[in-house]
Amino acid sequence: MSHLDDIPSTPGKFKMMDKSPFFLHRTRWQSSVAKLAFWSLVFFGLLFIFFYRSPISNPDSSRRSLRTYSWGGPAWEKRVRSSARVRTRNGVSVLVTGAAGFVGTHVSAALKRRGDGVLGLDNFNDYYDTSLKRSRQALLERSGVFIVEGDINDLSLLKKLFEVVPFTHVMHLAAQAGVRYAMENPGSYVHSNIAGFVNLLEVCKSANPQPAIVWASSSSVYGLNTKVPFSEKDRTDQPASLYAATKKAGEEIAHTYNHIYGLSLTGLRFFTVYGPWGRPDMAYFFFTRDILKGKAISIFEGANHGTVARDFTYIDDIVKGCLGALDTAEKSTGSGGKKRGAAQLRVFNLGNTSPVPVTDLVSILERLLKVKAKRNMMKLPRNGDVPFTHANISSAQREFGYKPSTDLQTGLKKFVRWYLGYYKQGGKKVAAAA
Ligand SMILES: O=C(O)[C@H]1O[C@H](OP(=O)(O)OP(=O)(O)OC[C@H]2O[C@@H](n3ccc(=O)[nH]c3=O)[C@H](O)[C@@H]2O)[C@H](O)[C@@H](O)[C@H]1O
């Protein structure tokens with residue numbers, strides 16, 4: 001029976017008027033069940049279409065936000081505690097968000113190596129190959145770092161983590177990265193870099209003790225700034241991509257939480273970080289893959305064949321910068337959501353100080369891979385890319401002795417060695433140290 005059966009065939013005359021009351025009651029009951037079933041079907045069908053098929057809502061971000069993670073329980077809490085346990089006298093206990101990410105993995109491993117307590121948090125989203133993230137997770141697991149699977153937008157999970165462990169520090173590296181992808185999936189940048197950051201700060205501000213927070217900003221905040229090298233004092237109000245705008249927003253949000261709640265906050269502006277276990281969405285990584293496959297690569301150039309260059313920074317130098325920032329971070333001054341005095345608020349460039357044209361990056365890769373690239377020169381697309389980055393690092397040098405020591409040639413050699421080893425084994429290699 002369908003809901004259509006209740007509609008009179010002739011106006012003013014019902015088909016079932018001559019049926020018995022019992023039959024009538026049963027039919028009505030069946031009809032309401034059928035109606036309910038039908039509308040439920042329609043409702044869930046629409047929900048399905050909205051979240052999984054709609055071209056308006058980006059499939060990636062929607063699926064990510066719908067994902068549920070399982071956490072909690074005595075065994076889980078035991079793992080959390082054990083991973084975060086400090087193993088040296090002056091060690092700190094750090095929550096590392098984005099621990100299965102490129103920088104997150106290296107920083108977590110380095111903290112663990114020196115005896116700090118480290119707990120990872122990562123949502124394992126599928127922005128790029130998740131098997132690489134799983135390999136990094138396996139690597140960290142072997143050195144005693146547990147990565148909790150969950151999203152920084154999950155308030156109850158974050159609260160739980162702070163209930164179980166009184167973290168002294170948060171190294172916040174979870175983010176939606178990538179400059180060009182922001183035009184494809186703007187929502188994911190707002191979700192992770194703004195909403196997620198605010199959520200994390202909400203929990204940190206209410207924690208007792210409040211942790212000191214070091215977090216990843218980006219060189220992209222300099223946007224259309226033309227004064228080089230980029231100094232922290234330069235203007236950052238002309239972002240060229242939504243990615244940059246969300247990182248800039250993060251810096252303003254950091255100011256607010258520092259001002260109102262006394263949270264100690266240090267933002268690090270990373271300059272095009274590269275190296276082993278890197279991100280497959282970055283040019284040096286997919287250039288390597290495509291050169292090896294004999295596939296043409298697009299190399300961007302500026303107006304009138306102008307050079308496009310980056311201050312490529314090797315991962316080990318970035319790790320040193322992260323640890324330096326963490327070690328010089330002062331305590332937050334508030335507790336339980338109340339400010340008790342002025343707290344530290346800092347921002348530092350972490351770059352290499354020697355920009356290299358992208359064409360030179362390709363030449364180095366050709367030499368290391370012993371394969372000639374099929375170069376396809378093209379005009380820098382209007383998709384958020386900037387032509388040039390160059391860091392002034394004197395602030396970081398002064399504050400915590402930051403001094404990058406790996407040039408692009410040396411760093412790429414290490415990357416290529418890792419890349420060939422990792423993918424020769426089908427991307428399953430986890431033996432090499434991070
Ligand atoms: O410092 C940052 O804050 C950012 O660094 C990184 O962004 P970028 O510096 O843009 O790196 P990346 O994409 O590797 O392009 C490298 C160069 O290759 C050029 N490029 C790129 C693609 C291409 O097909 N061709 C090309 O010439 C391109 O024009 C560029 O000159 C991070 O991804 C970002 O998450 C953020 O952390």
Side-chain angles (χ1 to χ4, degrees), residues 98 101-104 127-128 173-185 188-189 192-193 215-223 225 229-230 232 236 239-248 250-251 267-275 278-291 295-303 305-315 317-318 321-322 347-353 355-365 373-391 393 404 408 411-412 415:
F102 171 35
V103 180
Y127 168 58
Y128 61 78
L173 301 169
Q176 176 59 60
V179 175
R180 293 169 290 278
Y181 181 63
M183 284 181 72
E184 272 175 61
N185 190 358
S188 69
Y189 289 79
S192 295
N193 304 356
W215 68 283
S217 181
S218 159
S219 73
S220 65
V221 298
Y222 292 108
N225 175 42
F230 300 162
E232 291 88 347
T236 52
S241 65
L242 185 72
Y243 168 70
T246 59
K247 285 296 181 180
K248 173 65 181 164
E251 294 189 357
L268 301 175
R269 294 177 180 165
F270 296 156
F271 282 67
T272 316
V273 191
Y274 72 99
R279 276 172 34 209
D281 65 312
M282 288 185 68
Y284 75 94
F285 199 116
F286 63 76
F287 281 175
T288 300
R289 186 192 59 214
D290 292 347
I291 291 172
K295 210 172 137 190
I297 55 169
S298 302
I299 303 172
F300 302 152
E301 56 183 11
H305 305 292
T307 305
V308 170
R310 284 290 178 279
D311 196 0
F312 296 101
T313 311
Y314 189 63
I315 183 66
D317 290 324
I318 289 293
C322 289
V347 65
F348 296 108
N349 287 340
L350 291 186
N352 192 49
T353 70
V356 177
V358 179
T359 44
D360 290 7
L361 164 95
V362 176
S363 302
I364 297 172
L365 286 177
K374 291 188 181 125
R375 298 178 184 225
N376 173 22
M377 300 305 293
M378 62 182 280
K379 223 176 119 217
L380 191 70
R382 282 178 193 275
N383 55 9
D385 259 316
V386 292
F388 196 80
T389 64
H390 184 180
I393 54 160
L408 188 59
L412 281 179
F415 164 72

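Start at 1 with the first residue, then count along the sequence. These numbers come from a predicted model, not from an experiment. In listed order, ligands and their atoms are each counted from 1.
Near Ser298, the atoms of ligand 1 lying under 4.0 angstrom from a non-hydrogen atom of the residue are 23 (C), 24 (O), 25 (N), 26 (C), 27 (O). Less than 4.0 angstrom separates some heavy atom of Val308 from each of these atoms of ligand 1: 29 (O), 31 (O). Atoms of ligand 1 lying under 4.0 Å from any heavy atom of Ile299, numbered from 1 in the order shown and given with element: 27 (O). Against a heavy-atom cut-off of under 4.0 Å, Asp385 is close to the following atoms of ligand 1: 10 (O), 28 (C), 29 (O). Residue contact check: Ser218 has heavy atoms under 4.0 Å from atoms 2 (C), 3 (O) of ligand 1. Of all the atoms in ligand 1, the ones that sit under 4.0 Å from a non-hydrogen atom of Ser220 are 3 (O). The ligand atoms of ligand 1 that sit less than 4.0 angstrom from a heavy atom of Ser219 are 1 (O), 2 (C), 3 (O). Close contacts between ligand 1 and Tyr243 involve ligand atoms 35 (O), 36 (C), 37 (O) [criterion: under 4.0 Å to a heavy atom].
Among all non-hydrogen protein atoms, the one lying nearest atom 7 (O) of ligand 1 is Val179 CG2, 3.8 Å. Atom 33 (O) of ligand 1 has Arg279 NH2, 2.9 Å as its closest protein atom, hydrogens excluded (heavy atom only). Remark: minimum distance from atom 26 (C) of ligand 1 to any protein heavy atom is reached at Phe300 CD1, 3.3 Å. If you check which protein heavy atom lies closest to atom 6 (C) of ligand 1, you get Met282 CE, 3.7 Å.
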Residue pair Phe312, Phe271: steps toward the ring pair (Phe, Tyr, Trp, His ring centres under 6.0 Å) verdict: CA-CA 6 Å; Phe312 296 101; Phe271 282 67; over 10 Å; no
Test side chain to side chain contact (heavy atoms under 4.5 Å, CB included) applied to Asn352 and Tyr314, step by step: CA-CA 8 Å; Asn352 192 49; Tyr314 189 63; over 6 Å; no
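At a heavy-atom distance under 4.0 Å, only side-chain atoms of Arg310, from C-beta outward, approach ligand 1. By the criterion of a heavy-atom distance under 4.0 Å, both the backbone and the side chain of Thr272 are placed next to ligand 1. By the criterion of a heavy-atom distance under 4.0 Å, neither the backbone nor the side chain of Phe285 is placed next to ligand 1. Contacts between Lys247 and ligand 1, counted as non-hydrogen atom pairs separated by less than 4.0 Å, are absent for every part of the residue. Contacts of Phe271 with ligand 1, taken as heavy-atom pairs under 4.0 Å, involve the backbone alone. Counting heavy atoms under 4.0 Å from ligand 1, residue Arg269 does not touch it at all. Contact annotation: for Phe287 versus ligand 1, heavy atoms closer than 4.0 Å belong to the side chain alone.
Annotation for Met377: atom CE counts as buried by contact number, over 12 foreign heavy atoms lying within 6.0 Å.
For Thr389, the side chain to side chain donor-acceptor pair (under 3.5 Å) criterion is met by no residue, not counting sequence neighbours.
Of the candidates Arg180, Arg375, Met377, Met378, Arg180 brings a heavy atom nearest to atom 12 (P) of ligand 1. Looking at Ala283, Gly302, Pro357, Ala309 and measuring to atom 15 (O) of ligand 1, the nearest heavy atom belongs to Ala283.
Taking all atoms of both residues into account, the shortest heavy-atom contact from Gly178 to Arg279 is N-NH2, 3.5 Å. Contact between Ile318 and Leu350 at its shortest, heavy atoms only, is CD1-O, 3.6 Å.
By the 4.5 Å heavy-atom criterion applied to side chains, Glu251 and Trp215 are counted as neighbours. In this structure, Cys322 and Leu268 have side chains that are in contact, with non-hydrogen atoms separated by less than 4.5 Å. Under the 4.5 Å side-chain criterion, counting only non-hydrogen atoms from C-beta, Arg269 is not in contact with Lys247. Looking at Pro404 and Ile393, their side chains come closer than 4.5 Å, going by heavy atoms from C-beta outward.
Within the structure, the closest approach of Glu301 to ligand 1 does not fall below 4.0 Å when heavy atoms are considered. Heavy atoms of Tyr274 stay at 4.0 angstrom or farther from ligand 1.
Side chain of Gln176 to backbone of Asn193: no donor-acceptor contact under 3.5 angstrom is found.
By the 30° and 60° cut-offs, the orientation of the rings of Tyr284 relative to Phe415 is perpendicular. Using cut-offs of 30° and 60° for the angle between ring planes, the Phe230 and Tyr222 rings count as tilted.
For Tyr127 and Asp281, the side-chain atoms include at least one donor-acceptor pair closer than 3.5 Å.
Considering backbone and side-chain N/O of Phe270, one or more are found under 3.5 Å from N/O of ligand 1. Considering backbone and side-chain atoms alike, Gly178 places an N or O below 3.5 Å from some N or O of ligand 1.
Between the CG atom of Asn376 and the NZ atom of Lys295 there is a distance of 12.0 Å, given to the nearest 0.5 Å.
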